[in-house]
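Right, one structure below, let's go through it.
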Amino acid sequence: MSSFPIDRLSKLETPFYYYDTDLLRQTLSEIRRATQRWPHFHVHYAVKANANARLLSIIREAGLGADCVSGGEIEAARQALFPPQGIVYAGVGKADWEIRLALQTGIFCFNVESMAELEVIDQIAAHEQRVASVCLRINPDVGAHTHANITTGLAENKFGIAMSDMLPVIDRMRSMHHVKLVGLHFHIGSQILDMGDFEALCNRVNELQHLLEQRHIVLSHINVGGGLGVDYQHPDRVLLPDFDAYFRTYARLLRLRPGQQLHFELGRAVVAQCGSLITRVLYVKQGAHKQFAIVDAGMTDLIRPALYQAYHKIENISAPEAPRETYDVVGPICESSDVFAKQIDLPRCQRGQLLAIRSAGAYGEIMASQYNCRRLPGSVTADELR
């Protein structure tokens, strides 16, 4: 079991997120080590995974750029002092004010998802007297071995431009004077552990690059998105994703042209394992057929189990050596789906004890809501508790 500063955590009002900033820095150091052989590799942190200001500052200090999918995320990245030239902006529904904000910020590029969006960016850039650098997000029709709700690279998904439309869109851009095509962008999904999925993407990118080259089009940048997953089952045994295998897959299989720069957008792989949701046991209830540990955190604080049926390891950090019993761990929200785990063995739970819901650094705090008029969860880092 991971080491938690239980004496200090027990004095804080629950529920809250606890971030092991030492582990975050170790993860960022491993990313730097794994990419140092390839100076043309550039990693942008996917802000949608977690926009906690303290974490963003640490990630920026490590030299990563920012991958944003909203105007609010661009603002969060700028507040964390990410340099504008390291910010990329994706998203299937960019509002006019968000496009203006990105232009005024001077971001590196827009990842454009449709002809309609491209036309609007051209119009707004003309009004702002700027030229917007864009990568066309191509839907590569590559499946990923992950949950159906977090696949993004299939033809049926809402994301990206169909491959058959790539050349017509590029031809249409010739008449636009305020957008500049600098590259292609791809993203096939999230929580991917099978490197074969990334190999399939490499093959598709190679095909499309060859097609462009036949038209005498060579681009400066290729962005392959992110998607690398983490081990939710064994967060202590597998603290870090296999960054070596991930980056080596692209270095080995992607046929980049001379001078081309390769961009990645990692989110979950950066922050998931450093975060835990700390919650307090309110009641232990013996039901007709099972025993419940009712805690003060709910699906408003961590929605992944309710939304994706996602697994998160749960630990009793107040009494780790107690005899084990079987529980459904549930929250206080008036929804039957407000369940963190069913029929799991935990050290015997008692009112007032703290449970840690592990691997919650990604898509945890950032997706919290105020349903049932609940307060949003707080957060604390290891740095603050020293």
Side-chain angles (χ1 to χ4, degrees), residues 1-23 52 232-237 239 272-306 309-362 364-365 367-369 371-372 374-386:
M1 185 179 75
S2 183
S3 175
F4 290 90
I6 186 66
D7 290 343
R8 295 181 179 177
L9 295 180
S10 62
K11 297 175 183 176
L12 303 178
E13 183 179 357
T14 51
F16 62 87
Y17 279 89
Y18 169 69
Y19 295 111
D20 182 344
T21 39
D22 293 330
L23 176 56
N52 182 286
Y232 284 94
Q233 300 283 339
H234 310 101
D236 292 319
R237 190 188 314 167
L239 278 173
Q273 299 292 37
C274 79
S276 297
L277 176 60
I278 308 300
T279 182
R280 199 176 300 274
V281 177
L282 295 174
Y283 308 104
V284 176
K285 172 183 173 180
Q286 184 61 55
H289 303 291
K290 58 176 63 176
Q291 183 172 222
F292 297 91
I294 303 172
V295 299
D296 60 2
M299 60 188 288
T300 52
D301 307 295
L302 178 63
I303 199 173
R304 295 188 72 254
Q309 297 74 54
Y311 171 84
H312 287 265
K313 184 179 181 181
I314 301 176
E315 298 173 355
N316 182 338
I317 59 175
S318 291
E321 303 302 325
R324 301 182 77 85
E325 296 184 359
T326 302
Y327 301 90
D328 279 15
V329 180
V330 303
I333 309 302
C334 291
E335 298 285 345
S336 296
S337 57
D338 186 32
V339 177
F340 290 117
K342 292 184 177 182
Q343 295 295 286
I344 63 166
D345 288 340
L346 286 173
R348 182 183 297 137
C349 295
Q350 298 180 19
R351 174 176 167 81
Q353 291 180 336
L354 295 184
L355 303 186
I357 304 177
R358 302 290 305 281
S359 309
E365 182 184 0
M367 295 181 76
S369 77
Y371 180 49
N372 285 185
R374 284 169 58 84
R375 287 179 291 182
L376 293 173
S379 66
V380 66
T381 66
D383 292 344
E384 295 173 277
L385 294 181
R386 290 192 174 95

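In what follows, residues are counted from 1 in the order of the sequence shown.
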Quiz prompt | Gln291 side chain to Asp328 side chain, donor-acceptor N/O pair below 3.5 angstrom | solution = no
Exercise. Could you pull out the closest heavy-atom pair between Ala356 and Ile317, with the gap in Å?
Key: CB-CG2, 3.8 Å
Practice problem: For Arg358 and Asp236, run side-chain contact (heavy atoms from CB on, under 4.5 Å): C-alpha distance rounded to whole Å, both residues' side-chain angles, the deciding distance at 0.1 Å, then the answer. | Solution: CA-CA 10 Å; Arg358 302 290 305 281; Asp236 292 319; 3.0 Å; yes
Quiz item: Heavy-atom count around Arg375 CZ within 6.0 Å, excluding the residue itself: above 12?
Solution: no
Quiz item: Quick one: does Arg348's side chain get under 4.5 Å of Tyr327's, heavy atoms only?
Solution: yes
Quiz item: Does atom CD of Glu321 have more than 12 heavy-atom neighbours from other groups under 6.0 Å away?
Solution: no
Quiz item: Which atom names give the shortest non-hydrogen contact between Tyr371 and Glu335, and what distance separates them?
Solution: OH-OE2, 2.5 Å
Self-check item: Residue pair Gln353 / Gln350: nearest heavy atoms and the distance that separates them
Solution: OE1-N, 2.9 Å
Quiz item: Is the NZ atom of Lys285 crowded by more than 12 outside heavy atoms at less than 6.0 Å?
Solution: no
Quiz item: Distance from Leu23 atom CG to Gln273 atom CD, nearest 0.5 Å?
Solution: 7.5 Å
Practice problem: Go through the structure and list residues passing ring-ring contact (aromatic ring centres under 6.0 Å, His included) with Tyr18, not counting sequence neighbours. | Solution: Phe4
Quiz item: Minimum heavy-atom separation for Thr279 to Ala297, with atom names?
Solution: OG1-N, 2.9 Å
Quiz item: How far apart are the closest heavy atoms of Leu302 and Ile357, and which atoms are they?
Solution: CD2-CG2, 3.7 Å
Quiz item: Sequence neighbours excluded, which residues qualify as side-chain contact (heavy atoms from CB on, under 4.5 Å) partners of Asp7?
Solution: none
Practice problem: To the nearest 0.5 angstrom, please state how far the CG atom of Asp383 sits from the CG atom of Asp20. | Solution: 9.0 Å
Quiz item: In Å, rounded to the nearest 0.5 Å, how long is the span from OG of Ser276 to CG of Leu355?
Solution: 11.5 Å
Exercise. Considering only NZ, NE, NH1 and NH2 on the basic side and carboxylate oxygens on the acidic side, decide whether Arg386 and Asp22 come within less than 4.0 Å.
Key: yes
Quiz item: Excluding sequence neighbours, so at least two apart, what forms side-chain contact (heavy atoms from CB on, under 4.5 Å) with Arg374?
Solution: Pro15, Thr300, Asp301, Pro332, Ile333, Asn372
Quiz prompt | Atom pair CG (Leu354) and OG1 (Thr14), whose distance is rounded to the nearest 0.5 Å | solution = 6.5 Å
Exercise. Calculate, to the nearest 0.5 Å, the distance between atoms CD and CD1 belonging to Glu13 and Ile278 respectively.
Key: 14.5 Å
Quiz item: What distance separates Ser337 OG from Gln309 CD, expressed to the nearest 0.5 Å?
Solution: 9.0 Å
Exercise. Kindly give the heavy-atom pair with the smallest separation between Ser379 and Phe16, and that separation in Å.
Key: N-CB, 4.3 Å
Practice problem: State, yes or no, whether a side-chain contact exists between Glu325 and Val284 at a heavy-atom distance under 4.5 Å. | Solution: no
Quiz item: Residues in side-chain contact (heavy atoms from CB on, under 4.5 Å) with Arg237, at least two apart?
Solution: His234
Practice problem: Could I get the full list of ring-ring contact (aromatic ring centres under 6.0 Å, His included) partners for Tyr232, not counting sequence neighbours? | Solution: His312
Self-check item: CA sep, side-chain torsions, deciding dist, call: Phe340, Arg304, side-chain contact (heavy atoms from CB on, under 4.5 Å)
Solution: CA-CA 9 Å; Phe340 290 117; Arg304 295 188 72 254; over 6 Å; no
Quiz item: Got a sec, which pairs hit ring-ring contact (aromatic ring centres under 6.0 Å, His included) with one end in residues 276-298, sequence neighbours left out?
Solution: none
